[in-house]
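Below is one structure, written out as structure tokens; comments come after it.
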Amino acid sequence: MDYLEGLNPQQQQAVMAGTGPVLVLAGPGSGKTRVLTHRVAYLIAQLGVQPYHILAVTFTNKAAREMEARVDGLIGGRSRGLTLGTFHAVCGRILRREAEYLPFDGNYVIFDADDQLRIVKQVLREFNLDEKRYRPQSIHASISRAKNELIFVDDFPVQSYRDEVVKRVYTRYQQILLASNAVDFDDMLLWTVFLLEDQPALRERYARRYEHLLVDEFQDTNLAQYTLLRHLASFHRNIFVVGDADQSIYRWRGADYRNVRRFEQDFPDAQVILLEQNYRSTQNILDAAMAVIDRNPYRVPKKLFTQRGAGAKIVVRELYDDHEMASFVVNRIANDVAAGSAQPGDFAIMYRTNAQSRLLEEAFLAVGLPYKLVGAQRFYGRREIRDVVAYLRLVQNPRDEVSLTRVINVPRRGIGNKSLLALQTYAQRMGLTPGEVLLQLEEGAESPAETAIPSRARVSLAAFGKLLRGWCAQRDEFSPLELMDRILADIRYREYLEDGSEEGQERWENIMELRRLAGEYRSRRLVDFLEDIALISDQDTLDEAANVPTLLTLHAAKGLEFPVVFIVGLNEGTLPHSRSFEDEEAMQEERRLLYVGITRARDCLYLLYSLNKNLYGYPEPAEPSRYLGDIPPELVEGTSRRRSVFARRRQLWVEDDAPAAVEQQFHPGMRVQHPSWGEGMVLTSKLDEGDEVLDIFFEDVGLKRVVASLARLTVIS
DNA sequence: ATAAAGTGACTTTTT
DNA sequence: GTCACTTTAT
């Protein structure tokens, strides 16, 4: 049987575990993805289970796609019919199919974080509540937390005045979502649980259908997800979950690693299988990871081991500031690549907060080295993308008021705040949504609107209503791409964006990228396109084909691995983050976050901290992270030439600066040629990290700082 | 109604 | 240093 080939005894045991509940506790790099895929293949090929009767839940869409491809590879295309996806994607499908039992219809749209915040702000204004006293972010976080714990509005507990406020906002927030025929991320789970609890017949249908449930990253499920699993497993009880409590890093999103313990209580007959052998990292890296995580209390100790040997020592580096940290990373990568010891794609740079990526990106750009940045927000958060998506969402669901307000005057069409307000007031009086009113507005036709909306505004509104009507009429016969093209043409979006500036040009190119994506939905409906866009995850945007270094947050690094990992910004306040200081549970999660980061590394690990970290763009003295002190010195490089630094009564080990001796090849005044920047003159040259760093003034592009080993410079004179 | 200029608040982490 | 949001001038 090829689906057992190359698996160790524990992995085989997991793959072939019989029926009933199974809990696989899998350390990092222990091959849990392999176990899951092989198990699915085993169920289908060996036990003859129909793919239709299997549900597998992954943490990202990317993981789902990979699993599908791998299962197909194992059993040759027999995986068709498998239900596979993230919790949200799976719930999304169920909700659309079963919309008749729900207070919204199958054309519902999904409100993302930005939409959610807009609604909270709108409600706060509506209630005349001070946004300073009641931070929209924080109010929304409370609502979200409640939803993740399956607390519906009516059951929201009130123990303080603030709770009272949250409850009022939550109530109105939910009204607005329903009026908009929309759900937010949390609702997708919540409504699915509601559906299964409210409709016993339906619950039984789904529970009977799914003979086997498989769940990846189980430690990051929240109560809503766990409850959903329990309902779905209620008939067959074949639930196979894989997780590692030490890698639980989404507590703030409602994830509760205690679900692992809860699972053992709810399914006392569960088989428990431990996967401790690591196939990814060297022993030094594993030892460092264990040293960090061992300091967390109340955990089940795990002994990770590898047969890969000790490997290279870990490099701990102190840099002057974040700029130096970024250049250090870029220089190291450039050197290793130039020396032929690694490929650009082998490297990953991980950080705690997104803001930290900026300086790194600048450092890469400065030397002309390409990189990729993981983060969907970067693309889908752009104004132009959000605008066009809002148009599409409006066509999909004209009741979506958030999208309507977003685009009603973009590009400018003479509908200002006054007109919008008149429309909203009138709609409210009629018991309709503004979108519905808009669709009914006929130019010149007599209607009650005549008195309520001033005539000037009525003309502009009716014109827009006509456009919207046209698009809606074609929604079902046009493909998403055709519809998008029609809208772009009708609103002259290109002319609006391309104002002659470079930025405008870039914005239009982003639209073309979105257009390319829409083109992939040739035979599918607009709903599918919009749903996929809403549920896209950061990791989904990762382009594995490009052989370039990867920049990503520690959260986004979950489940990935790289030969060489840099973890930057290991400073108090950054990692651990200052927002976690007062919360013991949060502090434990910070530790797990670093644990996840360290265990992503296969061969080399760099841990970097700076003496001055950036705060809002200004430098501020910083202390090294407490976690550095937890790593045994014998695992760290530079033992012989080591000096100790005392920082806050903790001893830290830092490598001495010992630049490799390299002779300067370039001197000020030299004329050089760069492959993409053309001719220029060397202004300064200095040796750094065994390489030569040059400042060159190029005729075409101005001053640039380059690394000699990388820039492929040729001397002209 | 709109464009420009000023303000302040703020950064964890994301489906 | 960056964003969203508000004020001010046209």
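Below, read A as the first sequence line, B as the second, and so on, with proteins coming before strands; counting in each chain starts at 1.
Using a 4.0 Å heavy-atom distance criterion, A/Thr60 is classed as making no nucleic acid contact. Across all strands, A/Lys121 comes closer than 4.0 Å only to sugar-phosphate atoms, never to a base (heavy-atom distances).
For the pair A/Asn61 CG and B/dT14 P, the interatomic distance rounds to 15 Å; values are reported in whole Å. In this structure, A/Trp191 places its CH2 atom 24 Å from P of B/dT15, rounding to the nearest Å. In this structure, A/Glu361 places its CD atom 12 Å from P of C/dT2, rounding to the nearest Å. In this structure, OH of A/Tyr380 is placed 14 Å from C1' of B/dT15, rounded to the nearest angstrom. Here the P atom of nucleotide B/dC10 and the CD atom of A/Gln137 are 9 Å apart, to the nearest Å. Going from atom CG of A/Asp114 over to atom P of B/dT14 covers 15 Å, rounded to whole Å. Rounding to whole angstrom units, CG of residue A/Leu542 and P of B/dT14 are separated by 13 Å. Distance, A/Gln122 CD to C/dC5 P: 12 Å, rounded to whole Å.
Taking 4.0 angstrom as the limit, A/Asn417 places none of its side-chain polar atoms (N or O) nearer than this to OP1 or OP2 of B/dT2. In this structure, A/Ser537 reaches the B/dT15 phosphate: one of its side-chain N or O atoms is under 4.0 Å from OP1 or OP2. Remark: A/Asn614 is not in phosphate contact with C/dG1, judged by side-chain N or O atoms under 4.0 Å from OP1 or OP2. Listed pair A/Asn409 / B/dT2 meets the phosphate criterion, a side-chain N or O lying under 4.0 Å from OP1 or OP2. For the pair A/Arg358 and B/dT11, the criterion of a side-chain N or O lying under 4.0 Å from OP1 or OP2 is not met. For A/Arg135, a side-chain nitrogen or oxygen approaches OP1 or OP2 of B/dC10 to under 4.0 Å.
With salt bridges taken as basic N to acidic carboxylate O contacts below 4.0 Å, none links A/Asp630 and A/Arg626. Salt bridge status for A/Glu544 with A/Arg65: absent, with no side-chain N to carboxylate O gap under 4.0 Å.
Listed nucleotides: B/dT11, B/dT14, B/dT15. Nearest to the side chain of A/Trp252: B/dT14. The side chain of A/Arg412 lies closest to B/dA3, out of B/dA3, B/dT13, B/dA1. The side chain of A/Lys418 lies closest to B/dA1, out of B/dT11, B/dT15, B/dA1. Across B/dT14, C/dG1, B/dT15, the shortest atom-to-atom separation from the side chain of A/Thr86 is found for B/dT15.
Residue whose closest nucleotide on DNA chain B sits further toward the 5' end, between A/Leu189 and A/Lys132: A/Lys132. Between A/Glu590 and A/Ile415, it is A/Ile415 whose nearest contact on DNA chain B lies nearer the 5' terminus.
More than 12 heavy atoms of other residues, nucleotides or ligands shown are found within 6.0 angstrom of CG on A/Asp543.
The gap from the P atom of C/dA4 to that of B/dT13 amounts to 15 Å, rounded to the nearest Å.
If you look at A/Tyr173 and A/Phe111, their ring centroids are not closer than 6.0 Å.
Using a 5.5 Å limit on the distance between ring centres and a 30° limit on the angle between planes, the aromatic ring of A/Tyr616 counts as stacked on the six-membered base ring of B/dC10.
The CG atom of A/Asn222 sits 12.5 Å away from the NZ atom of A/Lys147 when rounded to the nearest 0.5 Å.
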I would like to know whether A/Arg592 and A/Glu589 meet salt bridge (Lys or Arg N to Asp or Glu O under 4.0 Å); could you show each step before the answer?
CA-CA 5 Å; A/Arg592 294 197 291 268; A/Glu589 184 147 310; 3.0 Å; yes
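Base pairing analysis places B/dT11 opposite nothing; no Watson-Crick or G-U wobble pair with both distances below 3.5 Å involves it.
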